[in-house]
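Quick note: residue numbers are just sequence positions, from 1. Indexing begins at 1, ligand by ligand and atom by atom, following the structure's order. The figures here come from the full heavy-atom set of this structure, side chains too, leaving out hydrogens, waters and symmetry mates.
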Amino acid sequence: MRNWSGYRTAKRDLIRSLSGTVLEIGAGSGANFADLPADVDWIGLEPNRRARAQLARTAPRRQVLDAGAEQIPLPSASIDGVLSTVVLCSVADLPAALAELHRVLRPGGRFVFVEHVAAPRGSTTYRLQKLAAPITRRFDRGCNPARDIQTAIDLSGFSTLQLEHFTMPGLIPIPFIAGAATR
Ligand SMILES: C[S@@+](CC[C@H](N)C(=O)[O-])C[C@H]1O[C@@H](n2cnc3c(N)ncnc32)[C@H](O)[C@@H]1O
C-alpha cells in the first residue's frame, strides 16, 4: 500500500506510458490531456452529452464517440492503449465493458486504469461503501463505490503488469488501484 502523496505521480506516469492510438473511456472534461504524450492519437468515448460538449470545447479537433464502454463502435484490435480513470465504478455492465476494452485493444496493447475500488469485505469502509451505493448510484452518475473492480479486471483476460494500491485519506478512507495490463 503506497502513501497517498505518491498517487498523483503514479497516475501521471501511467498515463505517460501510453503511445499510439489511445482510447480514453469516460473522458469527462478531458482532465487527463495534460499528462498524455503530445504525439498520442487520442479518441475519447463519453456517453454524457454535457461532458461531450465540454470536450468539444477543450479538444475541438479530437474525435469523441457518443457511446458507453459496454459497446464500443470501433473495430477489434484497432487500439494501442486504453485509458480509464474513475470510470469503471459507473459503467452499467462491468464485465461487458472490460470485454469490449479487451476486444478493441491490439494484442500487446496496454490498458491503463486508475480507479477507486471496494475496501476489503468486512471492513468499516466496505460497510459504509455498501450503505452509500444506492445513493451514489442514483445521484453520482451511477457510481458504485463498493465495486470489486480489481477482481473484475483480473477475470477479464488481461495480463496485469503493474498494480499499486493507494488510500485517499478522509473521514471515510477510499481505496484506489492504479495499474497497467496488457491484452
Ligand atoms: C467520475 S467521471 C471521470 C471523468 C474522467 N475520466 C476523469 O478522470 O476526470 C466518470 C465518467 O464516466 C462516464 N461514464 C459513465 N458511464 C459510462 C459508460 N458506461 N461508459 C463510458 N463512460 C461512462 C461519465 O459520463 C463520466 O464522464
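Checking only distances, Ala69 does come within under 3.5 Å of ligand 1, N or O to N or O. Residue contacts with ligand 1: Glu46 is placed with a nitrogen or oxygen under 3.5 Å of a nitrogen or oxygen of the ligand (distance criterion only). On a distance-only criterion, Ala27 and ligand 1 share no N/O pair closer than 3.5 Å. Taking any N or O of Glu70, backbone or side chain, at least one lies under 3.5 Å from an N or O belonging to ligand 1.
Each of the following atoms of ligand 1 lies closer than 4.0 Å to a heavy atom of Leu45: 21 (C). Below 4.0 Å from some heavy atom of Arg141 lie the following atoms of ligand 1, by number and element: 1 (C). Below 4.0 Å from some heavy atom of Ala31 lie the following atoms of ligand 1, by number and element: 9 (O). Close approach of ligand 1 to Val91 (heavy-atom distance below 4.0 Å) involves ligand atoms 18 (C), 19 (N), 20 (N). Remark: ligand 1 atoms within the under-4.0 Å shell around heavy atoms of Thr85 are 3 (C), 5 (C), 6 (N), 7 (C), 8 (O). Set against the non-hydrogen atoms of Gly28, the atoms of ligand 1 under 4.0 Å away are 4 (C), 27 (O). With ligand atoms numbered from 1 in the order given, ligand 1 contributes 25 (O) to contacts under 4.0 Å with heavy atoms of Asn48.
Between the Glu46 side chain and the Ala27 main chain, a donor and an acceptor come within less than 3.5 Å of each other. Counting only distance, with no hydrogens or angles, the side chain of Arg52 and the backbone of Pro47 share a donor-acceptor pair below 3.5 Å. In terms of modelled atom types and a separation under 3.5 Å, the side chain of Arg183 and the main chain of Leu105 share a donor-acceptor contact.
The aromatic rings of Trp42 and Phe33 stand perpendicular to each other, their planes meeting at an angle above 60°, with 30° marking the opposite boundary. Ring-plane geometry between Trp4 and Tyr7 is classed as parallel, the angle between the planes falling under 30 degrees on a 0 to 90 degree scale with a further cut at 60.
Between Asp93 and Val91, every side-chain heavy-atom pair lies at or beyond the 4.5 Å cut-off. Within the 4.5 Å cutoff, side-chain heavy atoms of Leu74 are placed close to those of Leu23.
What sits closest to atom 4 (C) of ligand 1 on the protein, heavy atoms only, is Gly26 O, 3.4 Å. The nearest heavy-atom contact from the protein to atom 16 (N) of ligand 1 is Ser90 O, 3.9 Å. Among all non-hydrogen protein atoms, the one lying nearest atom 1 (C) of ligand 1 is Val86 O, 3.3 Å.
Crowding of Arg137 atom CZ: a count of heavy atoms from other residues, nucleotides or ligands under 6.0 Å not exceeding 12.
The ring of Phe158 has its center closer than 6.0 angstrom to the ring center of His102.
Just one residue in the list Arg103, Arg106, Glu100 forms a side-chain hydrogen bond (donor to acceptor under 3.5 Å, both in side chains) with Ser76, and that residue is Arg103.
Residue-ligand proximity: Pro47 is placed with a non-hydrogen atom under 4.0 Å from ligand 1.
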